[in-house]
Amino acid sequence: MTSVTLETIANLAKKRGFVYPASEIYGGLRSAWDYGPLGVELLRNVREAWWRAMVRERDDIVGLDSSILQAAEVWVASGHVSSFTDPLVECTTCNNRYRLDKLEDPDQCPGCGSRGTFTAPKQFNLMFKTFMGPVEDSSHTVYLRPETAQGIFINFANVVRTARMRPPFGIAQIGKSFRNEITPGQFVFRTREFEQMEMEFFVPPDEAEEWYRYWLEERRSWYLALGMKEDHVRLRPHDADELAHYAAGCSDVEYLFPWGWDELEGIANRTDFDLKAHAERSGEDLRFYDQAADERYYPYVIEPAAGLTRSAFAFLLDAYDEEEVGGETRVVLRLHPRLAPIKVAVLPLSKKPDLVDVTQEVAGSLRGHWNIEVDVTQSIGRRYRRQDEIGTPYAVTVDFDTLEDRAVTVRDRDTMAQDRVPIEGLVEHLRGRFEGLL
Ligand code: GAP
C-alpha cells in the first residue's frame, strides 16, 4: 500500500487544479485555500454523497440552510463566547504563538528550540468577531459561526412545526464555518475557513445511548462505502477530559493521515444542553410536545459533525496510488466514481479535424449524463496520465479506426484494460459500468 506524503498530495492538488493557496499572487494567506476546477467538483460530490445518505435516502431527516450571521446571543447561550477557547502560549524568544495542548513538549518552543520561554497560557477565543452595520460598538457585535449546529438548534421549533417532525428525527445542514485557529496547517486539514456537514438528531432522552451507538456505525460505514480503506478508518471514544462543554459522550471517526490518526468527524451526545440553553436565554419554549403522552420534554441530541473540506482531503489521500507500468511510475487516484470530479474523459488520438468532429459528437452524447472532459492537447500517453492523476474512471479514445467502424476504445482507470465499444451503444455501456456506483 502506498503511504502518500502531505507534500505529494499538496503538489498534485495544486498542479492539477484541486486546491490553490488563497491570495497566491499576493504571497498567499496562510491557512486559507481556494478550490480549483477539479477541487470544486470533488467538494460538490462529497457534499452530494453526504446529503443523499443523510437526507434523501431517509424519511427521518430534513435539511436546513441557516444564516452564517446570527444574533450574538446565540453564541452566548451556546457557551461559545465564554468557553470556545484554546490555550495560547507565546515564546518570549522568537514571539511565535502555539496552542499549548498541541505541543509535543509543552516546555520547548518548536520554532526556535528555546526551553522555558513560554508565557503563561491565555485562553484565546476562536470566534471571528465583526460588526453588523456601520456602527462599530459592542451592541453591534456579530460572530461568524464556528459551527453550523447552532443554526439548527435555534430553528428546532420552526422545523417541528412546519415539517411536522417528531423525535426521533434529524435536521441536517452543510455550510461554511469559521474558527480563528491558533495553529492552522497540514494543508487543508485545519483551516480558519472551512465547510462542515452536521446533523442534529433529536431523540427521547431514554433513547439517546442507543442512537449514539447507531450513528457511530452509520457514519463509519459512510466513509467505507465511498472507498476509504478499512484499516485507515477507526472510531475512537473520547476520554472524559477531552469532552466539549456540552457533551455527555463523544467519539471521533479518525483517519490515518500521513502524520498519524486524526479526527475526521466527531459524533457527540449533546444531551439537552443546547435546546435548554436557547430556551432559557430567548424565553421561547423549545420543548417538544408529545401529543400522545400529553407531555412536553427537551429531546436529547446525537450529533454527527463532519468536515467537508477535511474529508475531501482524506478521500484524496486515500485514493492516491503509485504503480510501476512499463518501467515508469504511474500515479493514479483511485477515487470512488461517485467522488471523481470527471466521470469520463473523451480523447481524440490526434487533432485532425475529422477526429475532433467525431470527438465532439461523442462528447455531446455523454454530456447530458455525466461530467465529462474533452482533452485534445499533448500526446495520448500524457493525457491518460493526467486523467489517471485526477481519478477519471474511464477514458474514451477516438482514433482513426473510429472513422471507419464508428467504435471507440474505453479505457478503465484501475485496470487500464481497453474495450472497443460502438458509439451508438456507448451511453448504455458506460451506464452499465457505473451501475450502483454513482
Ligand atoms: N458542532 C460540533 C462541532 O463543530 P467539531 O469536532 O469542532 O464539532 C466538526 O467539528 C468537524 O468539523 C471536525 O471533525 C472537522 O472535520 C471539521 N473541522 C473543525 N475545525 C476545522 C478546521 N479548523 N478546519 C477544517 N475542518 C475543521
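This one's a predicted model, so the numbers in the text were calculated from it and none came from an experiment.
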Can you run down the ring-ring contact (aromatic ring centres under 6.0 Å, His included) pairs that involve [range], sequence neighbours left out, and say none if there aren't any?
range: residues 398-432; answer: none
range: residues 330-361; answer: none
range: residues 351-381; answer: Trp370-Phe434

Looking at residues at least two apart in the chain, or sitting in another chain, which of them share a ring-ring contact (aromatic ring centres under 6.0 Å, His included) with [X]?
X: Tyr214; result: Trp211
X: Tyr297; result: Phe288
X: Phe202; result: Phe156, Phe169

Can you establish whether the number of heavy atoms outside Glu328 located under 6.0 Å from its atom CD is more than 12?
no

Keeping to residues at least two apart or across chains, list the side-chain hydrogen bond (donor to acceptor under 3.5 Å, both in side chains) pairs with something in [range].
range: residues 338-358; value: none
range: residues 30-42; value: none
range: residues 147-159; value: Glu147-Gln150, Glu147-Arg270, Thr148-Glu198, Gln150-Asp274, Gln150-His278, Asn155-Asn158, Asn158-Arg161
range: residues 372-386; value: Glu373-Arg386, Glu373-Gln387, Asp375-Thr377, Tyr384-Thr397

Tell me which one of Arg47, Lys176, Arg44 satisfies salt bridge (charged side-chain N to carboxylate O under 4.0 Å, His left out) with Glu195.
Arg47

With salt bridge (Lys or Arg N to Asp or Glu O under 4.0 Å) as the rule and sequence neighbours excluded, what pairs involving residues 199-211 come up?
Glu209-Arg213

Which residues satisfy the side chain to side chain donor-acceptor pair (under 3.5 Å) test with Arg236, sequence neighbours excluded?
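Partners of Arg236 by the side chain to side chain donor-acceptor pair (under 3.5 Å) criterion, ordered by chain and then number, come out as Glu242, Glu254.
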
Test the Arg219-Trp222 pair against the cation-pi criterion, namely NZ or CZ under 6.0 angstrom from the six-membered ring centroid and within 45° of the ring axis.
yes

Between [X] and [Y], does any side-chain N to carboxylate O distance fall below 4.0 Å?
X: Asp388; Y: Arg411; result: yes
X: Arg420; Y: Asp405; result: yes
X: Glu48; Y: Arg56; result: no
X: Arg330; Y: Asp321; result: no

Can you check whether Met199 reaches Glu303 side chain to side chain, under 4.5 Å on heavy atoms?
no

Between Val301 and Phe153, does the side-chain contact (heavy atoms from CB on, under 4.5 Å) criterion hold? Intermediate values first, please.
CA-CA 10 Å; Val301 172; Phe153 297 126; 3.8 Å; yes

Taking the inter-plane angle between the rings of Trp259 and Phe257 on a 0 to 90° scale, is it parallel (under 30°), tilted (30 to 60°) or perpendicular (over 60°)?
parallel

